[in-house]
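What follows is one structure encoded as structure tokens, with my remarks underneath.
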Protein chains: 2
Amino acid sequence: MATIKDVAKLAKVSPSTASRAMHDNPAISEKTKARVRKAMQTLHYAPDFNAQSLANKRSNAIGVILPVDHHEIFTNPFFLKVLRGISEACYHAQAMVNLATGSSQAELLHSIDIMVTQGMIRRFIVLYSEQNDPILLKLRQLDAQYVMIGKPYQLVNETPYVDNDNILAGSDAAQFLVDHGHKNICFVYNDLKKMVQNDRMLGYQRVMMENGLLINSFELPAQEYPGGRQLVIQYLTQHPEITAFETVDDMLGLRIQQVLRSAKMVTDRQVSIIGFNNSVYSEAAHPALTSVEVFPRRLGNEAAKIAVSLQMSENLSTKLIVPHQIIERHSVATV
Amino acid sequence: MATIKDVAKLAKVSPSTASRAMHDNPAISEKTKARVRKAMQTLHYAPDFNAQSLANKRSNAIGVILPVDHHEIFTNPFFLKVLRGISEACYHAQAMVNLATGSSQAELLHSIDIMVTQGMIRRFIVLYSEQNDPILLKLRQLDAQYVMIGKPYQLVNETPYVDNDNILAGSDAAQFLVDHGHKNICFVYNDLKKMVQNDRMLGYQRVMMENGLLINSFELPAQEYPGGRQLVIQYLTQHPEITAFETVDDMLGLRIQQVLRSAKMVTDRQVSIIGFNNSVYSEAAHPALTSVEVFPRRLGNEAAKIAVSLQMSENLSTKLIVPHQIIERHSVATV
DNA sequence: CAATATTTTGCAACCGATTGCACTAGGACT
DNA sequence: AGTCCTAGTGCAATCGGTTGCAAAATATTG
């Protein structure tokens, strides 16, 4: 591998000049810059990231923070798609992608500590937004920069983020049901501490109110929680008027479908469902789930683009809204 | 952050001695080692990864190579679970996790090139095994080490890998069907260039032959391929004798379920299905899919443990087989 | 044309580790 | 006591970059 010294020698300049030329330092004349560039070309020069990071006290890598390992999360293809988008953008920006996960919050915090203090990673992408998240606090304490996927709870103006308009998405989904003649619609969520879920619910509520309809909501606990099934059955029998569900994730919709079928309610009751995230599996469901596509890959891609362009002491924060789209399938019937 | 010089000063030794003490160099007396260790403690010393990588010409990071971006892959929670396992092991080994993806093979190759030549990453985990994979060739050319998840096609003895016993898993699944009285069983795959699929099919074939049954197989193309549905219908009508499917991934099973239902064949024909990978979604299917759990997180974890312990010029290769387990649900009926 | 201003460049230190080799101290041996 | 080992340690170079500051080269001005 050619080093900067080789380039310097070939271009007949000193390494310092070469370095400055490479970074387009205005102190270097256009003539020498050209010479240096040519030398780089012929030697196939590529900088050593570790040397750079050492000298700069700042790595070229982007840290990616996944939410603390809940079974549910590590099973949701959403994150993998986001990762793919991040990876793509980083590839084009010549940045490395560094993963941070943890099975507990303490572990994750520690991971991040190491990445920053020992790895000199200074830019992160946080793949979720949660209320009072200690991870963000840590990041700030360590003087690291981050962009979020999802709207932040705190420092909304100072934090760069990319998100869907989840309120609008929540509305659109609800409106879709209303347009199909549904009047008694229930919103199903999982954890309202998550901004996504909260926003979608807000959107749902708005549409219901606008149409003078009653608001119903139901918390369906995560997969592994045992009594979940029972809860659904109970809810259904106590609310015979409900004809449609808006579920914050396809997975929840799928589970409701399943309960409906197994409890033999499917025969005597027709229930429509609309979900979010458009997982492959919703296509295979029966009936195939109508779902709101949120373009996770795009979310990741844009977040990474922002992250790599983050300057050392940036103060203006970029916000970007990625559109969503209802994918109509067969789980919503007209009443 | 404390540097090695600070530690050296406090321990009243030179940086070189401190460094050697930290690496348990036998040239250093136990007495000084103890002094150095105490100094490390009191200063909360932690080495700078970039400085280390620079001096060693070898990064502490593990590169993780995902398969080239086929829609199908980036949707399969399997990989996310594997990643989780890798991340966990790396956390305990104080190693960073570096992701490599690409939307084309060229892109992925380039990514890897950069990681090795500019990032000094020398240890990789390859999350799949494919016939004649140029990625592996590249890795070897670059003189990088890798451990595979899945059995390698080439250099089987020289390559460390962790895998399920997919032949056995394939047999077990087939035997499970046979035990339930099925005689006309069809194996459904996707891409036989993938070792997993090939192995599972081999296992299936063995059981069929042992039981004097006919071998049937069927290639169901990836999700996005349009005519897929038609193909299934065609196959089903041409083979009225088939009573059970063994599908190489739950997703394929789900798709077959769906066709069966939508084509109204469900009424006049009862078909059993057993899949692999035990995705969450198979639980939500109707009927819930019986599936072979392969413990992806464990696969990743073990692979990472091997990777971090890889020496600079290791020659013995570790192989590790992770067990599998049939998760019985409701998609297999007794005939 | 000398004096000064301005642009370009290079020297040398530094980032935080690792390591070959030379040096020192102490003990064993003649 | 002098010589030779051996074990333990430190010096200084190195990895491949970046950057403050001074020096050199060139341009501008009176």
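Letters A, B, ... mirror the listed sequences (proteins, then strands); counts begin at 1. These values consider heavy atoms only, across backbone and side chains, with no hydrogens, waters or symmetry-generated copies.
Remark: C1' of C/dA17 and NZ of B/K5 are 8 Å apart, rounded to the nearest angstrom. Taking atom CG on B/N25 and atom C1' on D/dA7, their separation rounds to 12 Å, with Å as the unit. To the nearest angstrom, P of C/dT8 lies 19 Å from NE2 of A/H23. Spacing between atom CG of B/D6 and atom C1' of C/dG16 amounts to 10 Å, rounded to whole angstrom units. Atom C1' of nucleotide D/dG10 and atom NZ of B/K12 are separated by 16 Å, given to the nearest angstrom. Note: CE (B/M120) to P (D/dT14) measures 18 Å, nearest angstrom. Straight-line distance from the CG atom of A/N50 to the P atom of D/dG16: 11 Å, rounded to whole Å. D/dC15 atom P lies 18 Å from atom CG of B/D48, rounded to whole Å.
When distances run from any side-chain atom of A/R20 to the nucleotides C/dC21, C/dA12, D/dC21, the shortest one goes to D/dC21. The listed nucleotides are C/dA17, D/dG16, D/dC11; the one nearest the side chain of B/A51 is C/dA17. Here the nucleotide nearest the side chain of B/K57, chosen from D/dC15, C/dC15, C/dG10, is D/dC15. Listed nucleotides D/dG10, C/dA17, D/dG16 differ in distance to B/V13; the shortest reach to its side chain belongs to D/dG10.
For the pair B/T17 and D/dG10, the criterion of a side-chain N or O lying under 4.0 Å from OP1 or OP2 is met. Dashed line: the shortest gap from a side-chain N or O of B/S29 to OP1 or OP2 of D/dA7 is not under 4.0 Å. Here B/T3 does not reach the OP1 or OP2 of C/dG16: none of its side-chain N or O atoms lies under 4.0 Å away. Taking only side-chain nitrogens and oxygens, A/S19 never comes nearer than 4.0 Å to OP1 or OP2 of D/dT19. Side-chain N/O atoms of B/Q52 include one lying less than 4.0 angstrom from OP1 or OP2 on C/dT18.
Note on B/T32: only backbone sugar-phosphate atoms sit closer than 4.0 angstrom, heavy atoms only; bases stay farther off. Residue A/Y45 is in sugar-phosphate contact alone, with no base atom involved, counting any heavy-atom pair closer than 4.0 Å across all strands shown.
Comparing B/P15 and A/A18 by the nucleotide of DNA chain D whose heavy atom lies nearest to each, the residue mapping closer to the 5' end is B/P15. Residues A/S16 and A/E30 both approach DNA chain C. Their nearest nucleotides, taken by heavy-atom distance, put A/E30 toward the 5′ side.
Screening B/R123, B/R140, B/R122 against B/Y146 for a side chain to side chain donor-acceptor pair (under 3.5 Å) leaves a single residue, B/R140.
Side-chain contact of A/D133 with A/Y153: a donor-acceptor pair under 3.5 Å is absent, judged by distance alone.
Taking a cutoff of 4.0 Å between a charged side-chain nitrogen and a carboxylate oxygen, A/E302 and A/R298 qualify as a salt bridge. A salt bridge does not link A/K193 with A/E130: every distance from a Lys NZ or Arg NE/NH1/NH2 to an Asp or Glu carboxylate oxygen is 4.0 Å or more. No salt bridge links A/D6 with A/K9; every basic N to acidic carboxylate O contact stays at or beyond 4.0 Å. Ion pairing between a basic and an acidic side chain is recognised when a charged N comes within 4.0 Å of a carboxylate O; A/E30 and A/R37 show such pairing.
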